[in-house]
Amino acid sequence: MLEPEAVESLFKRALSGGADFAEVYAERSLRRRMKVLSGRLEEALSGLEYGVGIRLFFGTEVVYAYTHDLTKKGLLEALETLLRAKGALGRVDEGGRGGLDFRKRLPQGLHAPKVPLSQKDKRYHLERLLEAEAGARIAPEIRQVEASLLEWEQEVLIANTEGVWAEEKWVRTRLFVLAVAEDGGEVQTGYAGPGKSVGLELFELYPPRAVGEKAARQALTNLRARPAPAGTFPVVVGPGFGGVLFHEAVGHLLETTSVAKKASVLSDKLGETIASPAVTYIDDGTLPHAWGSTEVDDEGRPTERTVLIEGGVLKAYMVDRLGHLLTGYPLSGSGRRQDYTFAPTSRMRNTFIAPGRHKPEELFQGIEFGLYAKEMGGGQVKPGSGEYNFAVQEGYLIRKGRIEEPVRGAMLVGKGPETLKKVVAVADDWENAPGMCGSLSGAVPVEVGQPQVLVSEMVVGGRA
Amino acid sequence: MTKEEAKRYLLSKAKALGVEAELLFQEERELSLRARNGALEEIKEARQRGVGLRVVAEGRVGYAYTKELSPRALEEARENALLSGKTGSLPGGGPWEATTSWARGFPPPSRPRRPRPWPWRAP
């Protein structure tokens, strides 16, 4: 996308202009969205984008520019604006540093699609969506079904003054079904939304009909659910998307973006016990074809598997370049951004509680009365402290160790760091689920996950 | 690409593809500064241009947007139109509503996007 010679000129000028470090991030992307509503195509849109972001460090001060002009002239113009903005024009140090020798890193195709998006025409994509919709029509109470397909292809080139030159193409596909059930004026919804770093093989991994049916079953379950009870009792949080709770209420507190500013209650706690011994919490950017996986991060550094908490002890933070400069913690390949219009910050990739030793049924044994939060919904978290409230999308009562009737409207309330200490048992049925995580550097694809997890007590807000 | 180049290039390619096309050219500049506790954390300067496309192919309407001068976006918009059951035509003369319709559900690339810190949401 960029000529090495143009990048080299840019970097020389940046360093002579007083910058300590310079980076370019060039990107070309195709995004498509298709949506089916009530048996017909409601929306089909495609977008082609490209651009380049330039980031300079002056000590720990960061300046960032982006432009659509990928020529040498365009890059240098954007750079001059930055240098002027920084007021660094006086510090010219021309020739102080020698030429650059880029170490080119070629992608190995670890997450490359098996069936490229372009292999089938759009009619084929539409037919899969119609299948998903048909799969959701399992009862007369299902009144409306919306099925969407998201397809992203993103080619990136990241280079910096330390000789990094990395290129990679990211392909992601996601199917999302929303089902609305209605009976006697009562309206409830259900969702299912599998997504992976794959092409059209997504439809083999997750047959569209089954995805539609899953969304519909959840909506129907909620339709016959009774209002959830309120109180403090044991909660078993379901696998997969249940991990969103720890993503929001713990994961964000372990990013250097907040740790470096001491804005997180988990700052300066390396080596300390911050969770129950049952908890091992991992952020892994290398899981093959996972929604949040890439070979290199958005700073051009190879991604890795970072064990954040091991047996309850805090082992590492998620560290981007700026976070590394500010804290001295080792880089973890965690610099991420939505696209070239954002400077990267430390972000999660695929974050999950590692599987434990228990069989899932053992978690329920001995619970006199509790809640099974099988699927989590949306929630809110106070940055820094991890205070949260999360809606339970699909919940059941637990009585005498058995999963009984469904309940709706349950809300889990607590503080992430406190909840970590109350995780008393972790099952062996780990799975992950995809989502979009929004933060300072935009919305990035991530997975959250866990096996079934027993929390000894949680405050549950409900209506009964 | 300049506005004039985009117009000439895309309209001639549209003619070659056999579709009617309407273009919405948008250009933006942005300067943002972020400070925390009296220290500057980030300066961001940006220039962007892009074209929203609405085409009519065989009496049906399709959309795409693009930043590159290539026939690819026109082909995408044409395919989108042919998939859709929606018939339609281009409006007579008046400007297309200049809000976000050119990106239809995508964040318009040239629009400053406020980060959404919380909550987590599936799209």
Side-chain angles (χ1 to χ4, degrees), chain A residues 28 30-35 40-41 43-51 61-69 78 81-82 85-86 121-123 125-126 148 150 174 176 191 193 241 244 247-248 261 338-339 341-343 378-383 434-443 448, chain B residues 1 27 29-34 36-37 39-53 61-68 70 72-73 75-86 102-123:
Chain A
R28 187 176 291 281
L30 164 67
R31 290 188 175 212
R32 289 192 187 128
R33 180 149 109 170
M34 202 183 271
K35 185 159 92 184
R40 50 181 292 230
L41 182 72
E43 180 181 272
L45 183 82
S46 312
L48 295 163
E49 287 210 38
Y50 72 89
E61 272 183 25
V62 176
V63 291
Y64 193 76
Y66 60 90
T67 175
H68 52 79
D69 189 344
T81 312
L82 278 186
K86 183 64 183 70
D121 67 8
K122 283 191 183 168
R123 174 76 46 195
H125 303 211
L126 175 60
S148 309
L150 304 168
R174 189 171 188 196
F176 194 81
Y191 308 90
F241 198 66
V244 69
H247 164 102
E248 294 289 15
K261 297 168 188 159
Q338 175 180 313
D339 55 36
T341 68
F342 289 88
Q380 288 177 309
V381 178
K382 191 171 169 190
M436 296 301 292
C437 170
S439 188
L440 272 181
S441 58
V448 300
Chain B
M1 68 176 149
E27 180 167 23
R29 283 189 167 208
E30 177 195 342
L31 175 66
S32 70
L33 301 119
R34 193 173 75 222
R36 184 187 157 86
N37 293 337
L40 195 58
E41 272 191 349
E42 188 183 284
I43 303 173
K44 195 161 159 179
E45 205 268 345
R47 296 169 190 206
Q48 290 214 107
R49 287 168 193 165
V51 182
L53 292 172
V61 186
Y63 302 90
Y65 69 85
T66 184
K67 290 193 172 174
E68 50 177 63
S70 77
R72 220 171 141 206
E75 283 157 13
E76 283 281 340
R78 180 173 174 274
E79 288 171 13
N80 292 343
L82 293 177
L83 266 193
S84 125
K86 284 180 193 159
W102 71 309
R104 289 246 162 173
F106 288 102
S110 55
R111 242 251 218 106
R113 272 161 289 180
R114 289 294 131 247
R116 261 192 317 124
W118 323 103
W120 169 295
R121 272 195 318 128

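Not measured: the values here are computed from a predicted model. A, B, ... follow the sequence lines: proteins, then strands. Residue 1 opens every chain.
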| How long is the span from the OH atom in A:Tyr64 to the OG atom in B:Ser32, to the nearest 0.5 Å? | 11.5 Å

| Roughly how far, to the nearest 0.5 Å, is OH of B:Tyr63 from OG of A:Ser46? | 13.0 Å

| field | Test item: B:Lys44 side-chain N/O and A:Thr341 main-chain N/O as donor-acceptor pair under 3.5 Å | value | yes

| field | When B:Asn80, B:Leu31, B:Leu33 are compared by non-hydrogen pairs under 4.5 Å with chain A, the top option | value | B:Asn80

| Residue pair B:Glu79, A:Asp121: steps toward the side-chain contact (heavy atoms from CB on, under 4.5 Å) verdict | CA-CA 9 Å; B:Glu79 288 171 13; A:Asp121 67 8; over 6 Å; no

| task | Might you work through the side-chain contact (heavy atoms from CB on, under 4.5 Å) test for B:Lys67 and A:Leu48, ending with a clear yes or no? | result | CA-CA 6 Å; B:Lys67 290 193 172 174; A:Leu48 295 163; over 6 Å; no

| Side chain, backbone, both or neither of A:Lys261 within contact of chain B (heavy atoms, under 4.5 Å) | both

| field | A:His68 and B:Glu68, any side-chain heavy atoms less than 4.5 Å apart | value | no

| request: Report the C-alpha distance between A:Tyr66 and B:Glu30 in whole Å, list the side-chain angles of each, state the deciding distance to 0.1 Å, and finish with yes or no for side-chain hydrogen bond (donor to acceptor under 3.5 Å, both in side chains). | output: CA-CA 10 Å; A:Tyr66 60 90; B:Glu30 177 195 342; 2.8 Å; yes

| Is any side-chain heavy atom of B:Arg47 less than 4.5 Å from a side-chain heavy atom of A:Thr81? | yes

| request: Any chance you could lay out the side-chain contact (heavy atoms from CB on, under 4.5 Å) test for A:Lys122 and B:Leu82, step after step, and finish with the verdict? | output: CA-CA 10 Å; A:Lys122 283 191 183 168; B:Leu82 293 177; over 6 Å; no

| query | Do A:Leu30 and B:Arg72 come close enough that some side-chain heavy atom pair is under 4.5 Å? | reply | yes

